[in-house]
Structures are given as C-alpha cells and as structure tokens.
There are 2 protein chains.
Amino acid sequence: MIPVAEARAALFDLVAPLPAEEVPLIEAAGRVLARPVSARRDQPPFAASSMDGYAMKAAEVERDAMFKVIGEAAAGHAFVGRVGPGQAVRIFTGAPIPEGTDFVVIQEDVGRAGDLITIVADPGNKTNIRPAGGDFTVGTTMSAPRILAPQDIALLASMNIPVVPVTRKPVVAILATGDELVMPGETPGPDQIIASNSFGLKAMLEGLGATARLLPIARDTLSSLRTAFELAEGADLIVSIGGASVGDHDLVGQAAADMGMARSFYKVAMRPGKPLMAGKLNGAAMVGLPGNPVSAMVCGHIFLAPMIRAMLGLGTDLPPLRQIALSADLDRNGPREHYMRAVIEGGSLRAFDNQDSSLLTVLSQANALLVRPPNDPPLKAGAMVNYLPL
Amino acid sequence: MIPVAEARAALFDLVAPLPAEEVPLIEAAGRVLARPVSARRDQPPFAASSMDGYAMKAAEVERDAMFKVIGEAAAGHAFVGRVGPGQAVRIFTGAPIPEGTDFVVIQEDVGRAGDLITIVADPGNKTNIRPAGGDFTVGTTMSAPRILAPQDIALLASMNIPVVPVTRKPVVAILATGDELVMPGETPGPDQIIASNSFGLKAMLEGLGATARLLPIARDTLSSLRTAFELAEGADLIVSIGGASVGDHDLVGQAAADMGMARSFYKVAMRPGKPLMAGKLNGAAMVGLPGNPVSAMVCGHIFLAPMIRAMLGLGTDLPPLRQIALSADLDRNGPREHYMRAVIEGGSLRAFDNQDSSLLTVLSQANALLVRPPNDPPLKAGAMVNYLPL
C-alpha cells in the first residue's frame with residue numbers, strides 16, 4: 001500500500017497543463033487566466049474629480065473666497081478652455097479636471113447665486129482629485145495563472161481587454177460500468193440499481209472547470225467496454241467507475257490493457273478507497289475509480305480535483321487543509337488515511353457515526369471531509385483537526 | 001443615514017422567492033432544490049454483499065469448515081435458487097445475497113480447490129452484508145431549500161429522480177449609464193473610460209445563480225434611459241450603475257420615476273458606498289448602485305447577493321461573517337460601516353493601505369472584505385476581525 005500523496009504524484013505524471021484559447025471577456029468568469037495580460041490604457045486616463053463640486057486653483061481656495069463659474073465639466077464631457085484667476089468650473093464626479101485648476105471644493109461647502117459662488121465652509125486640504133493613471137497605466141499586468149473572479153473581470157474590462165487568453169477546459173469522459181446499472185428515470189430490474197457516481201462526478205468536475213461527458217453505461221463484457229472507450233475519443237481524461245479492482249468480474253483493466261494502456265494499480269492507504277487503476281490510453285490520462293458511491297466521490301475530491309487543477313495550469317500544490325475543533329470524541333484511526341464524512345455546525349465539526357462507503361445519504365448530509373492521518377490516536381472533543389470543505 | 005442592515009431589510013421587501021421549474025438531473029448541479037423530493041426506491045433494493053467472497057450460512061461459518069460452491073452471484077446477476085447446508089455461493093461486491101445465506105466470508109480467508117472451499121483464517125463476526133434499504137427507503141426525503149452539491153446530485157440519481165424541481169433563476173438586467181462609458185474593445189474618446197462594473201457584476205450575479213443580461217450603455221438623456229429601461233422588460237431585478245445620486249447629471253432616478261417607479265433613496269452608513277436608489281418598476285425590483293467601480297462591486301456583495309439568495313428561496317439570513325487575526329495595526333474607523341479590501345495570506349488578514357473606491361487593481365488583489373463596525377476603535381496586529389471572503 002502507498003500513501004495518498006504518492007498515488008497523487010503518480011497521477012500528476014499523467015497530465016500536463018493544457019494550451020490557452022481566447023474567449024470573449026463576457027465568458028471569461030471562472031476560467032483560468034493562461035498568461036499575464038497588460039492594460040491597454042491608463043485609468044483614469046486623465047486627472048478626474050472624485051466629488052461633485054467646483055474646480056478651481058488650490059492657491060485661491062479659502063473660506064469666504066468668491067469665484068465666477070465659467071462652465072461645466074461632467075463625466076464624458078470635459079470643460080474646454082482654461083480657467084483663470086477668480087474663476088471656477090462646475091464639476092461632477094468622474095469629469096476631467098479642467099486646465100488651470102488643481103482643487104475641487106465639494107458642493108456642500110459652496111453657496112451659489114447665479115454665476116457667482118462663495119466658499120462657505122472650511123474646504124480642508126483634500127484636493128478631491130484622482131491623478132491620471134492612479135489605478136493603472138498602459139502595461140500594468142494582471143498576473144497568471146489565476147481563476148478569474150468577478151473583480152478580475154471588472155479590472156480586465158477597465159484595462160480594455162475584450163478577449164482573454166484562458167486555459168482550455170479539460171474534457172473528461174466518465175464511464176460507469178456494470179451490468180447492475182441503469183440510468184435515472186429507467187426502471188431497474190430486481191438485481192439492479194441506478195447509476196449515481198457518474199452524475200455526482202460530472203457535477204464535481206464541471207464545478208472545478210472541466211467539461212464532463214457521460215458515456216453510455218458499459219456492460220460487463222470486453223466488447224461493451226471497448227465500445228465505451230472508443231467513445232471517449234478526444235477526452236483529456238477518462239474516468240471509469242467500478243470494475244477496477246481484481247475480482248473475477250472486473251474487466252475494465254483488461255479492456256483498457258487490450259487497447260494498449262500501460263496499466264498501473266495503486267493500492268492506496270486510504271479510507272474510503274480501494275486500488276486505483278491508472279495509465280495513459282490513446283494519449284489521454286485514464287483513472288479507474290472504485291464503484292462504491294462514496295469511495296468514487298471521495299476519490300474524485302482527493303485525486304481527480306488535483307489533476308483537473310494541474311491541467312488548468314494551476315500547478316500541483318494542494319489547497320491547504322483547514323482546521324477546526326471536534327465537537328465529540330473520536331476513536332483511534334487505523335493504518336490508513338481516513339476521509340470521514342462530517343458536518344460543521346456552530347463552529348465545530350462532528351463526524352458521522354456510520355462511515356460505510358455505500359451511504360450516499362450520509363455524504364449528502366456532510367459539508368466537510370475530516371482528514372485523519374494514519375494511526376491517529378484517539379481524540380477528545382475540542383481537539384483541532386484538519387478538514388476539506390465539501 | 002441608515003445602517004446597512006436597515007437598507008438591506010428595505011431591499012428584501014422588493015423581492016420574493018421565485019416559482020419552481022423542473023430541470024433534468026444532469027442540469028441541476030448548483031441550482032436550488034425548490035421543495036423536498038422523495039426517493040422512488042430502496043437503496044440497496046436488496047441485501048447486498050460489501051465484499052468479494054463466498055456467501056453461506058452464518059451458523060456454519062468457522063475456521064476449517066468446508067463447503068461446496070453451487071453457483072455465483074455478481075452485481076446485476078443474482079444467484080437463482082436456495083443455498084442448503086454445507087453449500088456456498090461465490091459472490092462479488094454489490095451482488096444480492098442468495099436466499100438461505102446470511103454471511104459473506106471474504107475471498108482472502110478462503111482456500112479453493114475445484115468446487116470445494118475451506119475457511120482458512122478466522123472470518124471474524126462481521127457479516128459483510130449491507131441490509132436492504134440501509135441507505136434510504138421509498139419516501140426518504142431530501143430537504144429543501146438547498147443548493148444542490150455534487151453529492152446531492154449523486155443521491156438524487158440513486159433515488160431515481162431524473163427531473164428535479166428547482167427555483168427558477170432570477171433574471172437580472174444590468175444597466176450601465178453615462179456619456180463617459182464605452183464597451184471593452186472600443187476606442188474611448190479623450191473624456192471616456194471603459195464600462196467595467198457591468199461586466200464584474202454580471203460575473204458576480206451569475207456565480208450566485210442568476211442569469212444576468214447586459215443592457216446597452218444608456219447615455220445621460222432621459223430618452224436613452226427610457227429605452228434602456230424598456231429593454232429590461234422581463235427581468236426580475238433591474239440594476240443600474242451610476243447616475244443614482246443627487247447631482248445635476250443624475251438622470252436615472254428621474255427616468256425611473258417618469259416610468260412609474262416609487263423611488264426611495266437610502267443614504268447608507270457604509271464605505272465604500274453612496275446613496276442607493278431602490279423601488280419597484282413594472283413589477284421588477286430596481287436598485288441603483290453608485291458608479292464608482294469598487295463601490296458598485298462592494299454594494300453587489302452587500303446588497304444584491306442577499307436579494308438573489310432571497311429570490312432563490314434561500315431566505316434572508318446572511319452567511320455568517322468569518323473571523324481572522326489582523327497582521328498589522330489599523331486606525332480607528334469613522335461613523336460608517338467600512339468594507340475594506342484586504343488579503344488573507346498565511347492565516348492572517350492585511351487591509352490594503354489605499355482604500356480609494358476607484359481602485360480596481362486593489363480590489364482584484366483582494367481576496368476578502370474586512371468588515372469594520374461604525375466607530376470601531378484602533379486595532380492592534382493579532383486582534384480578531386470579521387470578514388467576507390471574495
């Protein structure tokens with residue numbers, strides 16, 4: 001048996017960052033910026049007023065001073081001309097500062113009668129002017145890689161980047177296998193159940209930024225499995241579910257080997273989990289997950305999610321585990337790393353009593369996976385533990 | 001000026017939960033389950049083996065006992081017949097337990113020669129059988145409302161729910177206003193800048209589960225604004241950006257009032273921020289945000305996100321603020337609630353020095369908003385503060 005980290009390292013060897021593609025800015029949210037991009041303009045492109053008020057010369061600004069208003073500057077409409085001594089320009093937020101002025105007195109501090117204004121309150125020494133290029137200038141870069149958040153989209157718009165280089169989405173083909181499976185909406189026979197892992201993994205992988213394709217359920221024959229693998233053509237990653245251990249009915253490995261896969265098994269020291277199958281098949285990475293519903297989903301979090309991030313160019317560092325206090329005692333852990341379904345409520349974490357790997361109801365109630373290292377001693381309520389949010 | 005919570009309560013009065021619609025399970029991830037749904041089957045539908053091994057009578061299981069193998073049971077293929085004394089059935093994980101057996105000895109504990117097997121190791125007293133209905137039974141419900149996570153999708157599949165009732169997505173029309181704005185990709189005039197808030201807010205609102213429509217930029221004329229408001233037809237929420245304060249050039253409120261909106265202003269005691277405009281316009285909720293880029297995005301987090309959650313049926317409770325330690329001292333806060341752009345790194349939070357509400361570069365570098373209450377005293381490094389993740 002090998003530790004989880006060693007299995008993950010072997011899986012990272014199967015994938016590489018995908019190439020960049022260009023997408024319109026309006027479709028770029030949540031995508032991974034593939035390379036740094038540079039602003040095409042200065043922001044603001046001119047010194048601009050940050051308030052509604054009157055622009056004038058700072059040297060003339062004092063309480064009770066009077067000015068003649070000679071024009072107006074609004075956002076999108078600069079004042080054309082030069083402001084002389086004793087003159088002021090009515091100005092609105094975002095407007096370019098008129099030539100000859102270097103101070104904006106806010107409108108609340110001014111009295112007006114026709115074209116004449118008087119400063120009626122202490123205007124302070126804040127100029128209320130945003131300097132040209134104060135946010136960014138031509139060539140200022142946004143660093144990559146990064147998952148583009150809403151605030152990044154706003155900044156890219158402001159930089160006038162209408163088309164954005166992002167990493168191509170990984171395409172994952174998901175293959176559920178087994179004579180016992182039927183699709184949701186069908187009527188299962190007396191020996192059958194509904195395929196569920198493929199639906200859960202598709203949702204998980206798409207949430208991580210992949211495009212997931214569900215293949216038809218493969219039956220437990222070599223020809224059915226061969227057909228399914230052929231339908232995976234064009235995928236970057238093929239994920240099979242079930243049939244990947246060494247029982248007499250586990251044909252997935254044989255079918256993949258027949259098609260040329262250099263097949264590796266990893267007996268991973270984790271719970272829930274089982275041997276993983278992995279290799280390269282026709283240029284794609286291939287991972288075989290166990291068929292137990294919870295094992296498949298947990299392996300998705302522990303193994304597939306890091307592979308997707310690596311393909312997106314986000315590197316192989318893992319998001320740091322989070323820490324929280326236990327709300328109830330826990331027995332000692334065995335020799336395998338244990339990912340326990342748990343719920344965080346009221347600031348502490350409680351692991352569910354029944355951790356059987358077939359129980360999807362328990363997984364659905366969970367909002368965290370408690371991560372216990374091998375041979376972790378018994379823990380008391382209040383002890384700090386590591387977890388992954390779900 | 002009114003507190004943030006009071007403004008939010010007024011905005012909640014403008015919206016209500018939207019009706020449910022039915023979507024295919026494969027499109028349901030991330031949607032909000034609109035009402036509880038009930039399992040249409042038991043899982044597992046039969047007592048099933050949790051291991052590969054041999055099924056037999058528990059009463060006969062002991063070390064060195066011998067059995068004749070009379071058949072096989074695999075997932076999807078039950079053993080047909082009854083198992084008598086001294087008999088066993090080869091069984092694989094997920095297969096129905098044969099009639100007449102109530103124990104599975106794992107294959108590692110058995111020696112086999114032709115049709116005869118011998119138990120060669122202590123089999124313990126774990127039956128390795130999952131009882132029928134152990135995960136759920138017909139009528140077991142998944143509670144609503146909830147945002148459907150990948151593990152919920154897997155459970156719904158397993159319950160045989162191919163079509164899922166979810167809350168309809170709120171449709172938000174986003175209206176950027178101002179003669180100074182052009183779209184990304186255009187060449188701005190010397191007085192102009194690029195529309196950025198509308199793009200950032202679209203990304204934010206869609207990430208929250210809404211469908212966002214960008215309207216054409218409205219110019220600073222009543223007729224242009226009227227045209228834009230007419231294009232918002234069919235939206236549940238209209239969000240205008242800019243032109244919502246009381247300056248001479250702020251025509252948005254006048255245009256909305258001309259179209260029948262009962263218009264309210266809320267001077268909100270927050271930074272960054274400005275008066276909000278709000279009301280009902282042709283049956284839709286309408287919110288006018290300030291035009292400063294950072295103010296608009298922060299108001300999106302503080303005001304629009306809770307409105308979207310309320311429309312999705314998720315209620316009006318806010319996600320709890322999180323707590324973290326400061327990494328540097330902070331001055332006292334003024335009389336307004338302050339949402340400071342900040343970055344969390346290495347387990348502590350640092351607020352950026354320059355909090356000017358025009359600086360999108362600072363917002364893009366931030367991963368959190370530090371939330372400071374009105375009149376918060378000076379804080380030392382190490383003090384615990386509240387924040388919202390970005």
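Since the model is a prediction, treat every value here as computed from it, not as a measurement. Chain A is the first sequence line, chain B the second, and so forth, proteins listed ahead of strands; every chain is numbered from 1.
- Proximity to chain A is absent for every atom of B:Asn367, based on heavy atoms less than 4.5 angstrom apart.
- Here A:Ala75 is the residue among A:Ala75, A:Ser158, A:Gly185 with the most heavy-atom pairs under 4.5 Å with chain B.
- In this structure, chain B has a heavy atom under 4.5 Å from the side chain of A:Leu214, while its backbone stays farther away.
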For the pair B:Ser143 and A:Gln365, evaluate side chain to side chain contact (heavy atoms under 4.5 Å, CB included) and give the outcome as yes or no after the intermediate values. CA-CA 10 Å; B:Ser143 63; A:Gln365 288 161 38; over 6 Å; no

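- Contacts with chain B were tallied for A:Ser198, A:Pro150, A:Pro162; A:Pro150 has the most, counting heavy-atom pairs under 4.5 Å.
- Of the listed residues (A:Ala195, A:Gly207, A:Ser196), the greatest number of heavy-atom pairs within a distance under 4.5 Å of chain B belongs to A:Ser196.
- In this structure, chain B has heavy atoms under 4.5 Å from both the backbone and the side chain of A:Ala78.
- No side-chain donor from either of A:His77 and B:Asp191 sits under 3.5 Å from a side-chain acceptor of the other.
- Put simply, of A:Leu148, A:Asp152, A:Thr140, A:Val362, the one with the most heavy-atom pairs under 4.5 Å next to chain B is A:Asp152.
- When heavy atoms are compared at a cutoff of 4.5 Å, B:Pro188 approaches chain A solely by way of its side chain, counted from C-beta outward.
- Looking at A:Glu186, only its backbone comes within 4.5 Å of chain B, counting heavy atoms on both sides.
- Contacts of B:Arg341 with chain A are absent, with no heavy-atom separation under 4.5 Å from either backbone or side chain.
- For the pair B:Gln151/A:Leu360, no side-chain contact is recorded, criterion being any heavy-atom separation below 4.5 Å from C-beta on.
- The CD1 atom of A:Ile26 sits 4.5 Å away from atom CZ of B:Phe199, with the distance rounded to the nearest 0.5 Å.
- Both the backbone and the side chain of A:Met204 come within contact range of chain B, judged by heavy atoms closer than 4.5 Å.
- Other residues, nucleotides and ligands place no more than 12 heavy atoms under 6.0 Å from the CD1 atom of B:Ile147.
- Here A:Ala154 is the residue among A:Ala95, A:Ala203, A:Ala154 with the most heavy-atom pairs under 4.5 Å with chain B.
- When all heavy atoms of A:Gly200 and B:Ile153 are compared, the pair lying nearest together is N-CG2, 4.3 Å.
- Contact annotation for A:Asn292: only side-chain heavy atoms (C-beta onward) come within less than 4.5 Å of a heavy atom of chain B.
- Contact of A:Asn354 with chain B is not made at all, since no heavy-atom distance falls under 4.5 Å.
- Put simply, the side chain of B:Thr361 gets close to the backbone of A:Asp135: a donor and an acceptor are under 3.5 Å apart.
- When each of B:Asp179, B:Val163, B:Leu156, B:Val294 is scored by its heavy-atom pairs under 4.5 Å with chain A, the top score falls to B:Asp179.
- With a threshold of 4.5 angstrom between heavy atoms, B:Leu201 does not approach chain A through any atom at all.
- The part of B:Ala366 that comes within reach of chain A is its backbone (N, CA, C, O), which places non-hydrogen atoms under 4.5 angstrom from that chain.
- Here the shortest heavy-atom pairing between B:Arg41 and A:Gln192 reads NH2-O, 3.8 Å.
- No donor-acceptor distance shorter than 3.5 angstrom exists from the side chain of B:Asn160 to the backbone of A:Thr187, with no hydrogens or angles considered.
- Across all their heavy atoms, B:Gly134 and A:Leu359 have their closest contact at O-CD2, 3.7 Å.
- Between atom CD1 of residue B:Ile161 and atom CD1 of residue A:Ile194 there is a gap of 10.0 Å, rounded to the nearest 0.5 Å.
- In this structure the side chain of A:Met159 never reaches within 4.5 angstrom of the side chain of B:Ser364, judged on heavy atoms.
- Between B:Ile193 and A:Pro45, the shortest heavy-atom distance links the atoms CG2-CD, 3.6 Å.
- No side-chain heavy atom of A:Pro293 sits less than 4.5 Å from a side-chain heavy atom of B:Gln43.
- Using a 4.5 Å cut-off between heavy atoms, B:Arg146 contacts chain A through its side chain alone, with no backbone atom that close.
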